[in-house]
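Down below is the structure, laid out as structure tokens.
As the structure is a prediction and not an experimental result, all values here were calculated from the model.
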Amino acid sequence: AWGAPALALHERTCGIDRLGGTPDATAEARFDRWRSRYGPDGEQAFRRRLSDVGIDETALKRLLAEPPAALAARTHHPSWARRIEEAIRSAAIPPADTPVPTRWQEALAWPLRSLVATTVEWTVARLEAYRSTARLDVSSVAERFRVELNRRLVDLAAPAIVAELHAWRDGGRLRAADSRERFAEFVRQLATPAGLREFFTRYPVLARLLADAGQVEAEALVDTVARFAADRAAVVRVVLGGVDPGVLHAVTGGQGDPHQRGSAVRILRFANGARVIHKPRGIRASLRLAELVAWLNSAVPGLGLRTPVVCARDGYGWMEFVAPEPLRDTAAAATFYLRLGALLALLYVVHATDMHCENIIAVGDQPVVVDAETLFHPTMPVFDSTDPAVKVLTRSVVRTAMLPSAEGGTNGGVDTSAVAGVTGSTVLDWASPGTDQMRPAGRTRQPVEGPSRPRLAGQAIDPAAFRRDLLHGVRLGDDAA
């Protein structure tokens with residue numbers, strides 16, 4: 001019954017006709033919290049949500065009153081719960097003479113080691129089928145996967161683990177002499193089968209999230225390798241110019257936003273240093289953009305815009321790895337911004353959006369588009385503004401996301417446009433890490449220079465100095481169109 005509270009609403013409706021009883025005050029309070037999430041004018045939306053899973057308000061109240069044991073008895077035992085239970089059974093009690101890591105990220109990974117290990121084991125068993133056809137170094141790929149999965153699960157679990165640390169400390173369960181020793185004592189006990197069972201019983205939704213996140217990442221890795229095994233000859237011929245890259249020894253994730261059950265862009269790394277991009281969604285838009293760029297190059301003599309080499313497959317594709325390269329001289333910077341201006345004119349004409357600093361790479365004097373999935377994007381209505389200027393902007397070149405624009409937020413703002421070339425991520429900061437006083441200290445935005453900003457002699461170019469070149473390129477592209 002421990003995992004029953006983590007079942008989603010649609011998973012609880014099986015056998016609902018056998019539910020009886022009258023909702024108590026606790027169920028009524030839960031129902032009120034559900035309803036309040038939809039706001040004072042959300043009655044219709046709330047009823048539609050219930051209708052989508054085939055229940056009404058009365059049935060929801062009965063579900064909310066059902067004890068976890070009764071819910072578990074009438075529903076199937078989910079696969080994610082079985083994976084968590086296997087991780088608990090296989091958890092080894094840390095040897096007394098093995099010190100807890102001093103870095104808090106590594107320390108918090110201790111309780112998750114068994115879950116990571118079982119996920120990696122599942123992955124390796126399936127990767128073995130492609131050892132020959134993909135020329136795969138299974139152990140190397142698995143080790144890289146283990147490191148990335150470890151980091152991912154720690155990020156997900158850290159807030160709950162720290163909350164449990166406080167509960168153990170305040171409950172007098174930690175007896176060590178000082179704050180750091182009590183932190184280590186907590187980590188050591190949490191990593192045991194008993195500690196994990198208690199933790200996951202207290203946080204069943206987190207248990208599901210961790211198990212599902214690991215399984216999704218594992219399946220995505222296996223799918224990527226399986227596709228490469230099937231397409232290896234074509235990838236070598238088309239993307240790598242016929243040069244065999246040797247053994248595939250790493251597949252790294254975390255590139256771009258995840259789609260379709262966690263599928264994301266991945267980089268395949270080979271023994272000879274070559275890299276290839278796997279895109280889990282169709283990339284025929286990149287072929288169409290290449291045709292448009294070829295047309296623009298023919299219409300503007302000497303323009304010479306470059307596009308990446310791609311190998312399109314049904315529903316996915318492979319792309320050459322495009323790495324930033326520095327400029328040779330100031331003249332190359334002028335050429336870069338002229339080409340960027342012509343590219344801006346073209347992308348505006350084909351209603352492209354999302355051409356921010358991570359989707360355009362500065363390769364010497366070439367701005368190279370590496371993500372063309374937003375070509376011919378519809379203009380979305382502006383619901384929250386009656387300002388005519390806002391409506392004009394949504395139909396202007398600003399919509400491409402290539403030109404500088406203010407982007408604010410509660411955690412600070414950055415200009416992620418292709419011209420400004422600043423990206424970054426929001427991270428959770430921790431106070432007193434590695435002690436029993438460890439606590440969240442707010443979120444901060446960490447800006448970093450994006451790959452769309454050209455560099456000369458180690459310094460980022462100031463785009464304002466090449467405004468005329470950019471505008472000249474826009475005029476050239478606009479005249480051609």
| Between atom CG of Leu112 and atom CZ of Arg152, what is the distance when rounded to the nearest 0.5 Å? | 12.5 Å
| request: Would you please test Asn359 and Val369 for side chain to side chain contact (heavy atoms under 4.5 Å, CB included) and show each step? | output: CA-CA 6 Å; Asn359 287 340; Val369 176; 5.7 Å; no
| field | Partner of Leu108 under side chain to side chain contact (heavy atoms under 4.5 Å, CB included), chosen from Val154, Leu190, Asn150 | value | Val154
| field | Salt-bridge contact Arg12-Glu66 (side-chain N to carboxylate O under 4.0 Å) | value | no
| Geometric cation-pi criterion, Arg113 with Trp110: 6.0 Å, 45° | yes
| Pair Glu57 + Arg47: basic N to acidic O under 4.0 Å | yes
| query | Is any NZ, NE, NH1 or NH2 atom of the basic residue among Glu320 and Arg275 found under 4.0 Å from an Asp or Glu carboxylate oxygen of the other? | reply | no
| query | At their closest point, which heavy atom of Ser417 faces which heavy atom of Leu403, and how far apart are they? | reply | CB-O, 3.1 Å
| Heavy-atom pair with the smallest gap, counting every atom of Val310 and Val238 | O-CG1, 3.6 Å
| message | Counting the benzene-type ring for Trp, do Phe46 and Phe31 have ring centres under 6.0 Å apart? | response | yes
| message | Measuring from atom CZ of Arg146 to atom CZ of Arg151, what distance do you get when rounded to the nearest 0.5 angstrom? | response | 10.0 Å
| Would you call Glu148 and Arg144 a salt bridge, using N to O less than 4.0 angstrom? | yes
| query | Between Glu11 and Arg208, is there a side-chain N and carboxylate O pair less than 4.0 Å apart? | reply | yes
| request: Grab the two heavy atoms, one from Pro324 and one from Pro451, that are nearest each other, plus how far apart they are. | output: CG-CB, 3.8 Å
| query | Do Glu128 and Arg131 sit within salt-bridge range, that is, some charged N less than 4.0 Å from a carboxylate O? | reply | yes
| query | Which residue pairs satisfy the ring-ring contact (aromatic ring centres under 6.0 Å, His included) criterion with at least one member in residues 152-174, sequence neighbours excluded? | reply | Trp168-Phe186
| Roughly how far, to the nearest 0.5 Å, is the CG atom of Leu50 from the CZ atom of Arg35? | 10.0 Å
| Residues Arg180 and Asp436 bridged, charged N to O under 4.0 Å | no
| query | Do Pro280 and Thr224 have side chains that get closer than 4.5 Å, going by heavy atoms? | reply | no
| query | Does any N or O in the side chain of Thr201 come within less than 3.5 Å of the main-chain N or O of Arg197, such that one atom is a donor and the other an acceptor? | reply | yes
| remark: Shortest non-hydrogen pair, Phe228 vs Ala134, comes out as CE2-O, 3.6 Å
| task | Please report the closest heavy-atom contact between Leu240 and Pro245, naming both atoms and the distance. | result | CD1-CG, 3.6 Å
| said: If we count only N and O atoms by modelled type, under 3.5 Å, do the side chains of Arg269 and His249 hold a donor and an acceptor together? | reply: no
| task | Could you pull out the closest heavy-atom pair between Ala177 and Arg182, with the gap in Å? | result | O-NH1, 3.3 Å
| Cationic N near anionic O, under 4.0 Å, Arg175 to Glu185 | no
| request: Please list, chain by chain and in numerical order, all residues satisfying side-chain hydrogen bond (donor to acceptor under 3.5 Å, both in side chains) with Tyr316, sequence neighbours excluded. | output: Asp231
